[in-house]
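What follows is one structure encoded as structure tokens, with my remarks underneath.
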Amino acid sequence: MPTPGGELIRAMAAGNRDAFAQLYDRYAALVLAFVLRIVRERADAVEVLQDVFWEAWRGAAAYDPSRGTPEAWIITRARTRAIDRVRPVRRRGETFVAATAGPPPPPGGDAVMRAEDRQLVAGALAQLSEAQREVIELAYYSGLTQTEIAERLEQPLGTVKTRIRLALARLREVVTSP
Amino acid sequence: MSHEPFETLAAVYAVGALDGDDLAQFEAHLPTCAVCQATLREAQDALARAMLSTPPQAPPAGAREALVRRVGRARGADRRSWLRWAAATAVVAAAAAGFTGTWVAVRYEARLGQMARETAAVKERLARNEASLREQAALYRGAVELLRDPATRVVDLRARGPAPAAGGRMIWNDVGGGHLFVAGLPPTPAGKTYALWTIVAGRPRPAGLFGVDAAGRGILRIAPASAGAAARVFVVTVEPEGGVPAPTGPIVLASK
């Protein structure tokens with residue numbers, strides 16, 4: 001049975017380089033896939049990946065399992081670094097949104113396109129409704145705030161907030177169901 | 001206030017999209033609320049698991065090697081590892097004392113990153129402003145230096161043409177060159193610029209091009225060599241941008 005991620009991080013905090021290599025081998029390819037959804041250039045994404053793991057090494061001592069899983073610890077950091085990379089100047093809406101998932105498919109658009117689109121949707125997110133997935137992607141991948149999302153979707157702020165909450169609830173169901 | 005709204009805020013916070021008053025309100029509430037801490041933890045965990053459920057993308061082997069090397073260098077000998085372990089234990093113990101969550105920390109890091117970017121932009125703007133102010137100060141200092149010299153003359157330039165309110169003053173020194181200050185000139189048409197000429201021995205010599213700001217003011221520094229010594233007469237005309245060897249356009253200002 002593999003060593004739990006939390007133990008690896010504890011060992012890293014104590015200076016164990018093998019633990020670091022194990023953590024890298026376990027998560028690097030998954031983290032890279034995630035970073036690539038935010039940072040489209042592969043070379044940039046690899047740099048972000050390295051930053052994330054370097055910070056994981058440096059920050060291992062501050063990891064507190066009571067505050068979250070190792071996966072959440074890594075992904076939260078990876079997201080922050082990735083968003084930083086694609087948003088060098090705070091003009092998030094302009095510089096970045098164009099590079100994300102692209103325009104939403106037309107409602108009831110043709111079946112072929114929708115099927116392709118679905119293939120591009122990452123794992124568990126594919127289980128969300130279009131509307132729920134959209135808010136999660138705009139927030140989590142594009143780094144838009146709730147206000148920016150509301151403006152972009154031309155929806156009331158309250159609707160956006162509720163949609164995010166429902167999307168997360170659904171996502172929890174999806175990832176915890178066996 | 002009921003707790004229900006906070007549950008929505010926690011979800012929006014988890015995806016990093018909270019802003020404005022909501023953000024301030026939630027961050028004030030979070031350290032005091034075990035329910036929200038748990039909600040946030042669960043949301044972050046679900047998000048992480050969802051994000052890690054995508055097909056993996058193998059990073060280049062070089063990335064791993066570089067990291068492992070870097071980690072090796074950073075550690076040096078393992079003799080200090082017990083110190084690190086002790087520090088880790090201490091940090092965990094300290095962290096248990098109060099909730100200053102990783103999420104809050106990461107959130108602040110993100111904000112710090114953003115502030116760093118904004119600061120860089122402001123710095124750049126300031127540097128540009130500073131450069132232009134320095135230039136201006138140098139210009140004025142040059143004019144003041146000239147004025148200290150008893151050999152410097154001040155020559156008035158009067159309007160000759162479509163802008164009767166326009167005027168100018170030339171601070172001129174045969175050795176040190178000159179400064180032209182103008183006011184009340186209309187902006188030049190597209191493709192045109194103002195040109196200063198010195199008349200020496202009856203022949204116009206180009207002494208520089210200048211534009212005016214929105215208020216019709218302009219300054220031109222004239223290097224001594226370009227002007228020709230013993231200039232007594234100064235004329236401003238409108239010329240094509242880029243300048244011409246001899247005046248072609250209408251005269252707008254001239255010394256008497």
Side-chain angles (χ1 to χ4, degrees), chain A residues 10 13-15 17 20-21 24 27-34 36-37 46 49-50 53-54 57 60-64 66-69 71-77 79-80 83-84 88-90 122-125 136 139-140 143-147 149 161-162 164-165 168 171-172 174-176, chain B residues 7-12 14-20 22 37 41-60 63-64 66-68 70-72 74-75 78 80-82 84-85 87-88 91-92 95-96 99 101-103 105-106 109-110 113-114 117-118 121:
Chain A
R10 258 188 88 75
R17 301 200 284 265
F20 174 75
Y24 182 89
Y27 293 116
L30 291 169
V31 172
L32 182 59
F34 166 67
L36 272 168
R37 299 201 70 83
V46 170
L49 177 79
Q50 287 178 298
F53 277 90
W54 175 247
W57 170 254
Y63 172 69
D64 176 357
S66 73
R67 294 193 207 136
T69 60
E71 287 82 2
W73 187 66
I74 292 171
I75 282 294
T76 307
R77 205 163 275 276
R79 177 189 177 260
T80 305
I83 297 272
D84 278 352
V89 178
R90 178 157 168 82
L125 280 192
I136 295 294
Y140 212 68
L144 298 195
T145 67
Q146 54 182 10
T147 312
I149 295 172
K161 289 187 198 173
T162 308
I164 289 175
R165 181 178 169 182
L168 270 184
L171 210 55
R172 273 195 69 200
V174 172
V175 298
T176 51
Chain B
E7 282 154 35
T8 304
L9 296 189
V12 182
V15 294
L18 213 53
D19 62 7
D22 284 347
Q37 289 166 24
R41 211 160 41 229
E42 285 161 6
Q44 293 282 8
D45 183 37
L47 273 168
R49 289 168 72 171
M51 297 308 154
L52 294 173
S53 68
T54 57
Q57 289 270 346
R64 186 185 194 276
L67 266 174
V68 169
R70 195 172 172 194
V71 163
R75 284 296 315 134
D78 271 354
R80 276 184 16 203
S81 62
W82 69 270
R84 197 172 172 113
W85 177 85
V91 165
V92 170
F99 185 89
T102 309
W103 317 130
V106 168
E109 269 179 34
Q114 183 188 315
R117 288 191 294 275
E118 283 166 6

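These numbers come from the heavy atoms of this one structure, side chains and all, not from hydrogens, waters or symmetry mates. All chains are named by letter (A, B, ...) in the order of the sequence lines, taking the proteins before the strands, and each is independently numbered beginning at 1.
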**Q.** Under the side chain to side chain donor-acceptor pair (under 3.5 Å) test, residues paired with A:Thr162 that sit two or more places apart
**A.** none
**Q.** chain B interface, residue from A:Ile164, A:Leu49, A:Ile149, A:Val46 that has the most non-hydrogen pairs under 4.5 Å
**A.** A:Ile164
Q: Validate the cation-pi geometry between A:Arg79 and A:Phe34: distance from NZ or CZ to the six-membered ring centre under 6.0 Å, angle to the ring axis within 45°.
A: no
Q: Select one option (side chain, backbone, both, neither) describing which atoms of A:Tyr140 are under 4.5 Å from chain B's heavy atoms.
A: both
Q. Is chain B contacted by the side chain of A:Thr147, its backbone, both, or neither, given a heavy-atom distance below 4.5 Å?
A. both
(Q) Under 4.5 Å from any heavy atom of chain B, what part of A:Ile74 do you find: side chain, backbone, both or neither? (A) neither
Q. Got a sec, which pairs hit salt bridge (Lys or Arg N to Asp or Glu O under 4.0 Å) with one end in residues 49-58 of chain B, sequence neighbours left out?
A. B:Asp45-B:Arg49
Q: Give, as side chain, backbone, both or neither, the part of B:Ala10 having an atom under 4.5 angstrom from any heavy atom of chain A.
A: neither
(Q) Using only atom types and a distance under 3.5 Å, with no angle test, would you say the side chain of B:Thr54 pairs donor to acceptor with the backbone of A:Ala33? (A) no
Q: Give, as side chain, backbone, both or neither, the part of A:Ile75 having an atom under 4.5 angstrom from any heavy atom of chain B.
A: side chain
Q) Side chain of A:Gln146, backbone of A:Lys161: donor and acceptor closer than 3.5 Å? A) no
